[in-house]
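One structure is given here, and the rest of the page talks about it.
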Amino acid sequence: PRLLAQLEITMADGRVITVATDRSWKYQFGPILENDLIMGEAADARLDLPGWDAPGFDDKRWLDVERFDDPGIALVATNGPTVRRINRLKPVSDPDDRTTVTTESYIFDLGQNMVGRVRFKGSAPAGTTVTFRFAEILNPDGTLYTDNLRTARVIDYYTFKGEGEEVWEPKFTFHGFRYVELTGYPGPISRDTITGVVLHSEMSPTGHFECSDPLLNQLQHNIVWAQKGNFLDIPTDCPQRDERLGWTGDIQVFARTAAFNMEVASFLAKWMQEVADAQGERGNIPPVVPIIELEFTDDGGPAWADAAVIVPWTMYLCYGDQRTLEDNYPTMSRFMQFILDASPGYIRCAPEYEGWPGIGDWLSINADTPRDLIGTAFWAYDAGLMAQIATVLGKDEDADHYRRLLSKVKQAFMDRYLKGSRVPVAVAQPSEIRLRLERNDAIARGNLKAVDYGPIDSEVFNTDHFTPTQTAYVLA
């Protein structure tokens, strides 16, 4: 671990004392043995260092620090809301005693899928180690279902120091769970033993929905809690398994709903700055922000990368803050040029395109919606939004440019995909990456029950090119 810190103390007489990290600082190993956002945390209370943060502490046994060179990373204060303990959940029933001959074990039900950690309270002899495991649902036999966690360990450990009642809450990890399994605790168990501590970025509730249908009310309840669980500093796809990434396609779809439920202006302003930081030299927007190195692409492709345009526009519609468009306009403009450079004939992600053609019709089972149809439809949508954005910002020449671009992309879409298409069925040889993706799709379809759409006779689409599905109609 490395630390760069500066503490500024303003005295009563106005003097300012600056305390900054340098070679005079010392360090020592404390009770936290290991920690990881995904894997979990382990702590040994016997290693506590009482008084280490108070004046007069004896640090003779502490170690000298090592000074490192400046890595050249920009130092920027965060402009987003702080992650906080938002509320606490108590178990909704008595713990399920699953103790065996060899091991004490209990499962607690918090009654709600939540994201955060647990606060544990108990007493045990020094050196006793208890284990916490987490799950969203149970197996039919009442044990934790953890297959969906994949390679994520999602386990916390606590070792007692043996001095009366002890209260522990991890500091540097979080989990997505409803059920908590406590193993190895020899003391008495009650509902007070475990408390769920809900964490997410601090966002004020702004919208409420309720109707006469309990099922719709439950759906809205689930949506709100899903937002709480996936808005922990960045907008993620999931809070529990070994992923928890800022997939751009997810927030592109969800941004408007997020703004209805909560005040997310600063939260997404911070994330859009991260989008700008992650943008490639060609203007490409990666599929995950903050960016991570992915083996297959540095371009999000249709519906994912388009978040660079759609999310700022959505925030402008919701909050009316023109600065959102001003701040992100350079990123949006470079992204639009990237698509134009990669789309000869105004068809985005054409079969012969050598670049990443996108994930495709991701949530539709067995749908053969062409990637170029999805890409071209989103490009047209982006061009229309950019014309409106440029108009709002008083960039009249840019607005005219994007209106002309919209007209050309719409015409290319109609010429290729609609009834009476002038585009021949035979197209250029698909690129290698496209062939690989199509093979993967075929494997996936082979693992699912085939969907029989029956004979297709469309009055809208060119059925010589593809079999239209619901997605195609929506995009058209």
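Please read these numbers as outputs of a predicted model, since none were measured by experiment. Excluded from the calculations below are hydrogen atoms, water molecules and symmetry mates; all remaining heavy atoms, backbone and side chain alike, are included.
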Taking the six-membered ring for Trp and the single ring otherwise, decide whether the centroids of Trp168 and Tyr157 are under 6.0 Å apart.
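Not under 6.0 Å, so no.
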message: Counting the benzene-type ring for Trp, do Phe108 and Tyr106 have ring centres under 6.0 Å apart?
response: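 No; Tyr106 has its ring centre 6.0 Å or more from that of Phe108.
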May I have the list of side-chain donor-acceptor pairs in residues 300-311 shorter than 3.5 Å, sequence neighbours left out?
unit_1	atom_1	unit_2	atom_2	d
Asp306	OD1	Ala303	N	2.6
Asp306	OD1	Arg348	NH1	3.3
Asp306	OD1	Arg348	NH2	3.4
Asp306	OD2	Arg348	NH1	2.8

Restricting to side chain to side chain donor-acceptor pair (under 3.5 Å), what partner residues turn up for Arg133, sequence neighbours left out?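 Expected list: Glu181.
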(Q) My understanding is that only residues two or more places apart in sequence, or in another chain, count here; which of them pass ring-ring contact (aromatic ring centres under 6.0 Å, His included) with Tyr179? (A)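 Listed in chain order: nothing, the list is empty.
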- What pairs with Phe231 under ring-ring contact (aromatic ring centres under 6.0 Å, His included), at least two apart in sequence or on another chain?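 Counting only residues at least two positions away or on another chain, Phe231 forms a ring-ring contact (aromatic ring centres under 6.0 Å, His included) with Phe267.
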Side chain Lys171, main chain Asn35, donor-acceptor under 3.5 Å: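 A pair under 3.5 Å: no.
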Q) Within 45 degrees of the axis of the six-membered ring of Phe134 and under 6.0 Å from its centre: does Arg178 put its NZ or CZ there? A)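 Here Arg178 fails the 6.0 Å and 45° test against Phe134.
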Taking the six-membered ring of Phe68 as reference, does the NZ or CZ atom of Arg2 fall below 6.0 Å from its centre and within a 45° cone about the axis?
->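 Here Arg2 passes the 6.0 Å and 45° test against Phe68.
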Q: Write out all pairs satisfying salt bridge (charged side-chain N to carboxylate O under 4.0 Å, His left out) with one or both partners inside residues 199-214, taking only residues at least two apart or from two chains.
A: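 For residues 199-214: Arg84-Glu202.
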query = Which heavy atom of Asp44 sits nearest a heavy atom of Arg46, and at what distance?
reply =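 Scanning both residues, the minimum pair turns out to be OD2-NH2, 2.8 Å.
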#### Entry: Pairs flagged by ring pair (Phe, Tyr, Trp, His ring centres under 6.0 Å) wherever residues 186-214 is involved - sequence neighbours left out
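Output for this query is empty, none listed.
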Once the angle between the rings of Phe132 and Phe120 is folded into 0 to 90°, is it parallel (under 30°), tilted (30 to 60°) or perpendicular (over 60°)?
->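 If you compare the ring of Phe132 with that of Phe120, the planes turn out perpendicular.
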